[in-house]
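Report on the structure given below.
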Amino acid sequence: MKRKKVGIVFGGGGAKSFAHLGVVKVFEENDIPIDVLTTCSGGSIIGALIACGISIEDIKKEFYKFTKKLSWLRPNMSTKGFLSQKNIRSILYHLCGNKNIEDLNISLSIVATNLSKGELKIFNKGNLIEAVCASSAFPGIYKPVEINGELYVDGGVLDSVPADVCRNIVGNDNVVISISLDESLQEIDKNNVFSIVHKSIYIPILKRRQQIINENSDININIFEDRPFNINNWRDILRFYSERKMEYFFRKGEIEANKVVNDIKKLIYE
């Protein structure tokens, strides 16, 4: 059957990005193709592995080798960031090797933030591991990644769910499916000053993010919209060391993807 091209957007979310694997599992079970991947931050880690053709089970097994808390929260001996990206580099190298983005099975675009110029950088060629680490270098947690003399940090600073980038790639006549890992802004702990400040800082960021998604997506799968946005849930971005948590994220991705799988099929083959 003739079908439309399908672009998938993997939003950032650290360890919560394991939810993307649950979505991909549902897509595979329902023969929903992935022609283009556009990714940011933790979504770039998962997107790179999927674009390399690595199976979901192999990805999970590789991550679960590193489920010691101290392994992920290893201090980085640098004033530029507190933690090391050593585990991410190790997983990517072991499963993908030292590949370039342009040589992958699926067309992949990875977004990062150019720290010097204050603008979005789209990596669609060059070393895969360096681009992924740049895209997921959350400021203050991981040190910036230098590529060709420029410093890069997490793409989420400017565009955590780059649906606009994906739309520009596939065009208006094809399908963009965005997968967001943001929690709901509806609840607030009015007695917790840290929660109030945290939410106040993120409100404009999340509002702008949602605008980009709404204007450029045919379908948005918002995995964690049933969870309140607060500091405790935000900390889940660092839970790479918890197999229990990552399995929960994976299952959430499956559950939410199954809710819209028939709608996606109609869009692709209409």
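- Taking 4.5 Å as the limit, some side-chain heavy atom of Lys117 sits within range of a side-chain heavy atom of Glu150.
- Judged by distance alone, the side chains of Asn100 and Lys125 never bring a donor and an acceptor atom under 3.5 Å apart.
- Partners of Phe250 under the ring pair (Phe, Tyr, Trp, His ring centres under 6.0 Å) rule, at least two apart in sequence or in another chain, do not exist in this structure.
- Put simply, the residue from Ser17, Ser44, Ser109 that forms a side-chain hydrogen bond (donor to acceptor under 3.5 Å, both in side chains) with Thr39 is Ser44.
- Separating the CG atom in Leu108 from the CG atom in Leu49 is a distance of 10.5 Å, to the nearest 0.5 Å.
- More than 12 heavy atoms of other residues, nucleotides or ligands sit less than 6.0 Å from atom OH of Tyr64.
- A salt bridge links Arg167 with Asp218: at least one charged nitrogen is closer than 4.0 Å to a carboxylate oxygen.
- Ion pairing between a basic and an acidic side chain is recognised when a charged N comes within 4.0 Å of a carboxylate O; Lys4 and Asp173 show no such pairing.
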Candidate pair Glu62 and Lys65, rule salt bridge (Lys or Arg N to Asp or Glu O under 4.0 Å), full reasoning: CA-CA 5 Å; Glu62 189 66 20; Lys65 291 178 183 177; 3.1 Å; yes
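- Under the 3.5 Å distance criterion, with hydrogens and angles disregarded, a donor-acceptor pair is assigned to the side chains of Asp58 and Ser55.
- Under the salt bridge (charged side-chain N to carboxylate O under 4.0 Å, His left out) criterion, Glu256 pairs with Lys252, Lys259, sequence neighbours left out.
- Proximity of Leu128 to Cys96: side-chain heavy atoms (C-beta onward) are separated by under 4.5 Å at one or more points.
- At least one side-chain heavy atom of Pro139 sits less than 4.5 Å from a side-chain heavy atom of Val157.
- A cation-pi contact, defined as under 6.0 Å to the ring centre and within 45° of the axis, is absent between Lys121 and Tyr152.
- Between Ser160 atom OG and Leu181 atom CG the span is 7.5 Å, to the nearest 0.5 Å.
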Kindly indicate, with the supporting measurements, whether the criterion side-chain hydrogen bond (donor to acceptor under 3.5 Å, both in side chains) is fulfilled by Glu243 and Tyr248. CA-CA 9 Å; Glu243 184 173 338; Tyr248 161 71; over 6 Å; no
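- The number of heavy atoms from other shown groups lying within 6.0 Å of NZ (Lys61) does not exceed 12.
- In this structure, Lys25 does not pair ionically with Glu28, as no charged nitrogen and carboxylate oxygen lie closer than 4.0 Å.
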Using distance only, find each side-chain donor-acceptor pair of residues 5-13 under 3.5 Å and give its atom names and separation, not counting sequence neighbours.
none

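- In this structure the side chain of Arg227 reaches within 4.5 angstrom of the side chain of Asp236, judged on heavy atoms.
- Asn127 and Asn98 share a side-chain donor-acceptor pair at under 3.5 Å.
- Side chains of Asn168 and Val165 form no contact here, defined as non-hydrogen atoms less than 4.5 Å apart.
- Within the 4.5 Å cutoff, no side-chain heavy atoms of Cys40 are placed close to those of Asp159.
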